[in-house]
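Notes follow once the structure below has been shown.
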Amino acid sequence: MYTLGVDIGSTTAKAVILENGERIVASSIIIATVGTSGVQNAVTEVLDKSGLRMEDMTAVVATGYGRQTYEQADYQISELSCHAIGAHFVFPDVHTVIDIGGQDAKVLSLNERGQLANFAMNDKCAAGTGRFLDVMASILNLKISDLEKEAAKATEPAQISSTCTVFAESEVISQLANGVKIPDVVAGICSSVASRVASLVRRVGVQEKVCMTGGVAQNGGVRLALEKELGVPILYDDKAQLMGALGASLYAFNKENKKNNT
Amino acid sequence: MTSKEIFAKLHEVAFNPKQQLNQYLADGKKVVLVTYYTPNEIIHSMGLVPMGVWGADIQLNQSKKYFPAFICSIMQSILELGINGTYKGASALVVPSLCDSLKCIGQNWKYAVKDIPFIPMSYPQNRKPDYGKRFTKAGYERVISDLEAITGAHFSDDNLRVSNHIYNEHNAVMREFAEVASEYEVSAQERSDVFKSAWFMLPEEHTTLVKELIERLKEGPKDSRKVRVLVSGILADAPQLLELFEKYGIKVAFDDVCDESRQYKKDVPETIQNPMDGLVEKFCSMDDDTLLYDADKKRVDYIVTEAQKHHAEGVIVLMTKFCDPEEFDYVPIKRACEKAGLHQVNIEVDRQMVNYEQAATQLEAFSELF
Ligand code: SF4
C-alpha cells in the first residue's frame with residue numbers, strides 16, 4: 001500500500017510517499033509560499049521520483065498551514081499531530097519534539113506510545129521562528145544555509161534580544177555599527193532563537209529524548225544554542241524538514257490499515 | 001417557539017446591542033451601561049435598564065490616544081465605542097475597579113466621552129469580613145446617589161427586593177441552561193448567544209425566553225460529541241473562534257467565562273431582611289474568580305471540579321491578551337489540569353483578532369489529543 005503525505009507550510013511544500021507505512025519511497029521539498037502552485041509541484045515531483053501515479057495512492061493526507069486548501073486530500077490533520085507521528089517513526093524513544101517552521105514554533109510532548117499528549121505554540125510574533133532567521137540573514141547579506149558556518153566561527157557571541165524581531169533587527173544593525181564581527185552577530189541570532197524557543201519548551205516540560213524537526217532544525221547553530229540553553233542533547237535527522245509530511249503519510253497508512261482490519 | 005426560533009431571536013439581540021439600546025430609549029427608558037460585577041439589581045430596581053459593555057471586535061483608533069499599547073483590548077474597545085458614539089443615549093457607565101485596566105478607564109472616559117457620565121465604584125479586596133461588607137455597601141450607596149443625581153430616578157428598598165428576586169430567577173435559569181446545554185445538542189455559537197443576549201435584555205424578558213428554550217432543548221437529542229471541554233477566560237464570543245469549535249467537533253461542556261457562567265453563580269439571599277444587605281452578601285460570598293481576591297487560588301480547584309462534573313476531559317483557556325489577572329492564574333490552572341489528567345491548551349485572544357489560523361491549528365491539534 002502506498003500513502004502520500006503532503007505538508008503545506010508557510011514557506012515550503014513537502015511531500016512523502018511511504019510503502020506499507022515502513023519505507024520512504026520518495027520525498028520532495030519545494031520552496032513556495034502557501035496558496036501558490038508549490039504543493040502541486042511537490043506532489044508532481046514526488047510522484048515522478050517514485051515512478052508512481054496518484055491513482056496508486058491508497059490515501060492522501062494533508063497537513064500544515066495550507067492543509068485546508070489541498071482538495072485531493074482524503075483527510076486533513078494538524079501539523080502538530082503529524083510532527084509527533086513522524087518524529088516517533090524516526091526516533092522511537094523521543095518524548096519532546098521541537099518544531100521550528102517558517103512562521104511558528106511548536107513544542108510537542110509525546111507519551112510512551114509516541115502519541116501527542118501536550119503542546120505549546122509560539123505567540124503571534126516572528127521571534128523564535130524561521131522568519132526571524134530570514135530577516136536577520138537578509139540584513140547580514142547571508143544565505144540561510146550560511147548561518148551555521150558563520151556561527152561556528154564566533155569567538156564572542158553577541159547579545160541579541162529574543163523578544164521582538166523588529167527590536168532585534170535594530171540591535172543587529174547597531175552591533176554591526178559598533179564593529180562586532182559577523183560570526184559573533186550570527187551566533188547571537190542563533191542564541192536569540194534558542195532562548196525564545198527554550199521558554200516554550202519549558203512550558204511543556206523538557207523530557208528526554210528531545211529532537212528537532214522543521215526547516216530551522218537544519219541550522220546547526222540554532223541546534224547547538226538550544227542544546228546549551230536546555231542542557232540536553234538534541235537529536236536531529238536530515239529528514240527533519242520532512243517530518244510533517246512523513247507523519248501525514250504514516251497517518252494515512254494507519255488509518256487505512258485500521259479500516260482494512262475492521 | 002421552536003428552539004431554533006428562540007436561538008435566532010437571541011442571536012439577533014446578541015449581535016445588535018445598538019438596536020436594543022435604541023429600542024429601550026424609544027420606549028422612554030433610561031439605559032445604564034454596566035460591566036464586571038456591577039450591582040445590576042440596584043440599577044434595575046430604579047427603573048433603569050442595565051446593558052452590558054464588553055467592547056467589540058473593532059479597529060482601535062481614537063482610544064489609542066488614551067491608553068498605552070499594553071492594555072487589554074476589551075477596555076480599549078469600550079472607550080473606542082464610547083468615543084465613536086455607539087453608546088449614544090445611555091445615561092451613565094458604571095465600572096468597578098476590579099483590575100488595573102478597569103481602574104484607569106474612568107479618567108480617560110471622563111475626558112473623552114463627555115456625554116455619558118462615569119460612575120466609579122470600588123469593591124474591597126477582603127470581601128468576607130464585616131468591614132469588607134460595610135465597604136461594599138458604601139460602594140453601592142455611592143452608585144445609588146450618583147444614579148439618582150444623573151437620571152432623576154429614585155431608589156427604594158421595596159423595589160430592590162423585587163429586582164433581587166427577578167435577578168435570582170434569571171440566575172437560576174441561566175445555571176439551568178448551562179447544564180442543559182452541556183447535555184443536549186447546542187452549538188458553541190448558540191450557547192454564546194444565550195449568554196451574550198442576557199447582557200442586552202431586561203432579565204425578566206430574557207428569563208422567559210431561556211425558560212422556554214430549556215424546555216424545547218430537553219425535547220431534542222442529547223449531544224454525543226467525544227471532545228468535551230470546559231472553556232475558561234474573560235470572553236468567548238468571537239464567532240470565528242466558536243465556528244472552529246464546531247469544525248473540530250469540540251463541545252463546550254461548561255464554562256468559567258467572565259461574561260457567561262461566572263455571572264450567575266451566586267444569588268441574593270432573600271431571607272436577609274434588608275435587600276441591600278442581601279445584595280452585599282451576594283457579592284461578598286462570590287469566589288473562584290480571576291477578578292476577586294483569592295489568595296489560595298481556589299479557582300483552580302473549581303475549574304478542575306467543574307470540568308470533571310461535566311464530563312469534560314479538557315480545558316481550553318482563552319487568554320485575553322494583556323489581561324494580567326488571567327495570566328497570573330494560568331500557571332496553577334495548567335498544573336492542576338495536568339495533575340488531574342485533563343488536557344489543556346492556552347489560546348491567546350483579543351478584540352482585534354483578524355487571523356484565527358493559529359487558534360485553528362491549536363484547536364485542531366487539541367481535538368486530536370482525545
Ligand atoms: S480583567 Fe483582564 S480583560 Fe478584563 S478589563 Fe481587566 S485586564 Fe482587561
Side-chain angles (χ1 to χ4, degrees), chain A residues 7-10 34-35 61-69 75-85 97 99 101-111 113-126 129 163-164 166 199-200 202-205 207 244 247-248 251 254-255, chain B residues 69-70 72-73 227 229 238 240-241 243-244 246-250 313-323 326-327 330-370:
Chain A
D7 178 4
I8 309 161
S10 57
V34 61
V61 167
T63 188
Y65 190 59
R67 62 193 176 280
Q68 317 285 355
T69 57
Y75 315 102
Q76 291 155 350
I77 64 163
S78 73
E79 57 267 40
L80 288 97
S81 294
C82 285
H83 276 265
I85 300 170
V97 180
D99 164 30
Q103 66 168 18
D104 56 21
K106 305 169 188 104
V107 180
L108 322 173
S109 159
L110 272 55
N111 63 20
R113 280 171 291 155
Q115 292 161 329
L116 181 63
N118 192 7
F119 62 87
M121 272 178 90
N122 65 317
D123 44 28
K124 295 183 215 82
C125 176
T129 73
T163 331
C164 164
V166 180
S199 50
L200 201 63
R202 290 192 193 102
R203 251 162 68 184
V204 172
Q207 236 190 313
Y251 179 85
N254 293 337
K255 191 104 182 159
Chain B
F70 293 92
C72 80
S73 56
V227 184
V229 299
Q240 300 93 321
L241 191 71
E243 220 173 85
L244 294 172
E246 295 315 303
K247 184 169 177 187
Y248 300 121
I250 301 172
E313 283 176 44
V315 171
I316 296 180
V317 176
L318 297 177
M319 182 62 70
T320 296
K321 193 169 182 167
F322 302 135
C323 174
E326 290 265 307
E327 279 172 1
Y330 174 65
V331 177
I333 291 174
K334 175 180 180 280
R335 288 200 184 124
C337 287
E338 282 167 0
K339 199 166 152 212
L342 296 166
H343 297 301
Q344 64 76 35
V345 66
N346 177 348
I347 300 178
E348 189 183 79
V349 291
D350 74 23
R351 279 303 196 192
Q352 270 74 56
M353 223 157 137
V354 280
N355 187 335
Y356 285 81
E357 189 50 44
Q358 201 180 28
T361 302
Q362 285 175 286
L363 285 174
E364 185 176 14
F366 185 73
S367 69
E368 288 162 4
L369 296 178
F370 288 73

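Fair warning: this is a prediction, and the values are worked out from it, not measured in the lab. To find a chain, count down the sequence lines: A is the first, B the second, and so on, and within it residues start at 1.
Atom CD of A:Q207 has more than 12 heavy atoms from other residues, nucleotides or ligands within 6.0 Å. B:R335 CZ: 12 or fewer foreign heavy atoms inside a 6.0 Å radius.
Once rounded to the nearest 0.5 Å, the distance linking CD of A:Q115 with CG of B:L369 reads 10.0 Å. Distance check: B:T361 OG1 to A:L80 CG gives 7.0 Å after rounding to the nearest 0.5 Å.
Both the backbone and the side chain of B:F366 come within less than 4.5 Å of a heavy atom in chain A. The contact between A:A117 and chain B is made entirely by backbone atoms, counting heavy-atom distances below 4.5 Å. B:V345 touches chain A through its side chain: at least one heavy atom from C-beta onward sits under 4.5 Å away, while N, CA, C and O do not. Both the backbone and the side chain of A:I77 come within contact range of chain B, judged by heavy atoms closer than 4.5 Å.
For the residue pair B:E364 and A:Q68, the shortest heavy atom distance occurs at OE1-NE2, 4.5 Å. Shown here for B:Q362 and A:F119, the closest heavy-atom pair between the two residues is O-CZ, 3.3 Å.
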Practice prompt. Apply side-chain contact (heavy atoms from CB on, under 4.5 Å) to B:I347 and A:M121, showing your working.
Written response: CA-CA 9 Å; B:I347 300 178; A:M121 272 178 90; over 6 Å; no
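Counting only distance, with no hydrogens or angles, the side chain of B:E368 and the backbone of A:S78 share a donor-acceptor pair below 3.5 Å.
The salt bridge (Lys or Arg N to Asp or Glu O under 4.0 Å) test applied to B:E338 returns B:K334, not counting sequence neighbours.
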